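Everything numeric here is computed off the predicted structure, so don't read it as measured data.
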Amino acid sequence: MNRKWWKEAVVYQIYPRSFYDSNADGIGDLRGIMEKLDYLKELGVDVLWLCPIYRSPNDDNGYDISDYYGILEEFGSLQDFEELLAKAHSKGIKIIMDLVVNHTSDEHPWFIEARSSRDSKKRDYYIWRDAKEGAEPNNWGSFFSPSVWEWDEKTQQYYLHLFSKKQPDLNWKNPALRREIYDMMKWWLDKGVDGFRMDVINAIAKMDSFPDAPRPENHTMKYVFFPQYYFNQPGIHEFLQEMNREVLSKYDIMTVGETCCVTTDMAKLYTGEDRNELNMVFQFELMGIDNGEKWKWEYRPWKLTEFKEIMSKWQTELESVGWNSLYLNNHDQPRMVSRFGNDRKYRVESAKMLATMLHTLKGTPFIYQGEEIGMTNVAFDSIYDYRDIESLNFYNIAVNHEKMDPRSALEAIHRIGRDNARTPMQWSDEENAGFTAGKPWIKVNPNYKWINVRQAMEDADSILNYYKKLILLRREYDVMVYGKYIPLLEDDEDIYSYIRQLGRSRLLVILNFFDKNPLFLLPEWLEYNEAKLLISNYRTDGKDDISEIRLRPYEARVYELI
Ligand code: GLC
Ligand code: CA
């Protein structure tokens, strides 16, 4: 058992634009985060992950960076950042930055120089190709716009952009580019930041050739979205090992890679403790579970057995090899309680049940802002209320090119769109949820009237107070962090249950995933003298006979087995 602070930590993700606005311009900012540090301290989280705060034209809300060394004016100044970091550190809270180095903004000086002429010294920092028969070099579809290729009129070549055309992809094969990135990372680490969440990091190595993607049957669109070609390509491990050698290994930090499309075998390579790449990665299998492929913008029904199979696979495969990250939502995904729980009658119970899972599985839990008060998806009536580039581009293509009914396109955005997670943090029942004294950059979710931090602080049984308790338990029980995961009742369609075991210390976790009353039957081989209830989202006397439990909707219980 290899102890590390980042294995014991609980991370809280902040989407700064929507967290707290300190100066009434409608946009969350660094001083706003500073004002809420006490709230975060009380919640008990150890690390804050800030979504990008660098200078950016904001085509993709900061994921298009024009200056890696500067802070977006709307968020504050470098001095504000230094003050935030110092204040957080003085409270024992670490801060990790979002590192976006698969692409820059097209307004980054590198790109401006690169596109100025074919002979520019920076030309090779990006990926350029000639036209093929007067058109794009291949049929690859991008995340946000039809093709991954954009024509540059002046220099008569296409450049590659997996995301928007304002996010040109960097060419990691260029050693001078890599050096500049490592220097930049060191600059932030020398300032005292505690690590990085690395944006689409497994896309930095590109295929040498750019073959057409296989066209699925009945595919009507001109371009084919085929991430298998964009991620996990040869060369990726060499880049990460070099980055580790040159930068990461010199600091006591944590790293987590955003790695779309990874399998557990790949994750072992990225996170293997003897491989010197990353500490952990975000897996996407669970995120694909109900919409199969997100780019299709549709849900498919999922079964709990399927969900558990994915979880158990990641838990067991990485056991004593690498380390898991645990999350059910973030700024790119719908709200956890709306997607995997029940955001109506059992909102509170199901949010607590899911939280119980996130804090009792093996790995580092990531809480996304608002999750701790059970914030839900939003459903704006008009496309004009949406801000997310991905949703807006989807709508435009679906309605204007694919002739999809606008109502259905809007409904798809209601279910899957990224703005579900980006409405302002709900601090109180005051106007605009207490997020801003001005006009918010995106509308608040109207349910702030009853779902907000102030309410949650006053209610002893709130989701917020439950999170605090879970975080404290994690601190108290080593087995919650380091214990081995042993799944139980694997074929059960309603109940997720497992044991965590560390030496003689054992926890039993029981989670009812639906609005039903299934019967939990303790496997007979499991021996114990006493079962002590550590936490539950329902009242129980704690003395129940655990060999047989009739569970209430979304009930969660964690026992210590003695
Ligand atoms: C990641 C980010 C997402 C962004 C994309 C491009 O997936 O999480 O928000 O749009 O990368 O940078
Ligand atoms: Ca502001």
Side-chain angles (χ1 to χ4, degrees), residues 1 7-8 264 286 303-321 323-324 326 328 340 349-350 352-365 466 469-562:
M1 178 175 95
K7 295 183 179 173
E8 295 167 18
T264 46
L286 261 195
K303 294 209 244 160
L304 185 65
T305 41
E306 201 184 343
F307 182 102
K308 296 196 289 190
E309 206 181 302
I310 294 173
M311 272 306 188
S312 293
K313 182 174 62 179
W314 281 82
Q315 291 283 299
T316 34
E317 294 274 313
L318 294 198
E319 173 75 42
S320 62
V321 179
W323 191 254
N324 270 291
L326 304 164
L328 285 178
F340 296 109
E349 291 80 359
S350 66
K352 290 178 183 173
M353 183 278 290
L354 294 169
T356 312
M357 181 191 84
L358 287 169
H359 293 261
T360 57
L361 283 172
K362 188 166 186 176
T364 300
Y466 192 87
K469 209 170 155 194
L470 279 170
I471 294 172
L472 285 177
L473 279 174
R474 236 176 147 266
R475 209 154 275 155
E476 194 181 331
Y477 285 85
D478 248 7
V479 56
M480 260 169 99
V481 178
Y482 293 108
K484 187 175 152 72
Y485 165 90
I486 305 162
L488 302 177
L489 314 178
E490 284 166 277
D491 300 326
D492 196 297
E493 283 297 355
D494 300 313
I495 303 169
Y496 188 13
S497 177
Y498 45 89
I499 298 276
R500 296 289 307 282
Q501 175 158 23
L502 185 68
R504 298 171 64 89
S505 171
R506 274 183 310 166
L507 298 182
L508 166 67
V509 181
I510 306 169
L511 309 164
N512 174 11
F513 257 71
F514 301 100
D515 172 8
K516 298 187 198 164
N517 297 92
L519 187 65
F520 170 82
L521 289 175
L522 189 74
E524 273 167 22
W525 54 263
L526 209 76
E527 286 171 13
Y528 66 99
N529 293 321
E530 193 194 323
K532 183 174 143 207
L533 186 71
L534 297 185
I535 191 167
S536 172
N537 57 352
Y538 278 89
R539 273 177 223 293
T540 59
D541 59 11
K543 289 192 209 71
D544 297 352
D545 171 9
I546 65 161
S547 59
E548 204 180 304
I549 308 172
R550 179 64 66 188
L551 295 169
R552 288 160 283 189
Y554 299 97
E555 182 159 1
R557 300 187 187 198
V558 182
Y559 288 95
E560 183 184 353
L561 298 184
I562 304 166

Open item on the list: Are there over 12 heavy-atom neighbours, none belonging to Lys484, within less than 6.0 Å of that residue's NZ?
Closed with: no
- [ ] Examine distances only and state if a side-chain atom of Lys308 and a backbone atom of Asp491 form a donor-acceptor pair shorter than 3.5 Å.
- [x] no
- [ ] Spell out, as yes or no, whether a donor-acceptor pair under 3.5 Å connects the side chain of Asn537 to the backbone of Lys352.
- [x] no
Open item on the list: Using a 3.5 Å distance criterion without hydrogens, assess whether the side chain of Glu555 forms a donor-acceptor pair with backbone atoms of Leu511.
Closed with: no
Open item on the list: If you define the side chain from C-beta out and look only at heavy atoms, does anything of Gln315 sit under 4.5 Å from Leu361?
Closed with: yes
TODO: Sorted by first residue and then second, give each ring-ring contact (aromatic ring centres under 6.0 Å, His included) pair with at least one member in residues 502-532; sequence neighbours left out.
DONE: Phe307-Phe513
Task: Nearest heavy atoms of Arg557 and Ser536, plus distance in Å - done: CG-OG, 3.8 Å
Task: Under 3.5 Å: donor-acceptor pair, side chain of Ser497, backbone of Val509 - done: yes
Task: Glu560: side-chain contact (heavy atoms from CB on, under 4.5 Å) partners, not counting sequence neighbours - done: Tyr477, Leu507, Lys532, Leu534, Ile562
- [ ] Flag yes if more than 12 heavy atoms outside Glu309 fall under 6.0 Å of its CD atom; otherwise flag no.
- [x] no
TODO: Look up atom OG1 in Thr305 and atom CD in Glu493, then write down how far apart they are to the nearest 0.5 Å.
DONE: 3.5 Å
TODO: Tell me yes or no: between the side chains of Tyr482 and Glu8, is some donor less than 3.5 Å from an acceptor?
DONE: yes
Task: Arg500 side chain to Leu508 backbone, donor-acceptor under 3.5 Å - done: no
Open item on the list: Please check: side-chain N/O of Thr356 versus main-chain N/O of Ala556, any donor-acceptor pairing under 3.5 Å?
Closed with: no
- [ ] Using the ring-ring contact (aromatic ring centres under 6.0 Å, His included) rule, collect all pairs that involve residues 532-561, keeping only residues at least two apart or in two chains.
- [x] Tyr346-Tyr554
Task: Distance (rounded to the nearest 0.5 Å) between Asn324 CG and Thr364 OG1 - done: 9.0 Å
Open item on the list: Looking at Asn512 and Arg552, would you say the former's side chain and the latter's main chain have a donor-acceptor pair under 3.5 Å?
Closed with: yes
- [ ] Look at the side chain of Asp492 and the backbone N and O of Asp494, then say whether any donor-acceptor pair between them is shorter than 3.5 Å.
- [x] yes
Open item on the list: Under a 3.5 Å threshold, yes or no: a donor from one side chain and an acceptor from the other, between Tyr498 and Thr360?
Closed with: yes
Task: Main-chain N/O of Asn517 paired with Arg550 side-chain donor or acceptor, under 3.5 Å - done: yes
TODO: Work out which heavy atom in Gly483 is nearest to a heavy atom in Lys362; give both atom names and the distance.
DONE: O-CD, 3.3 Å
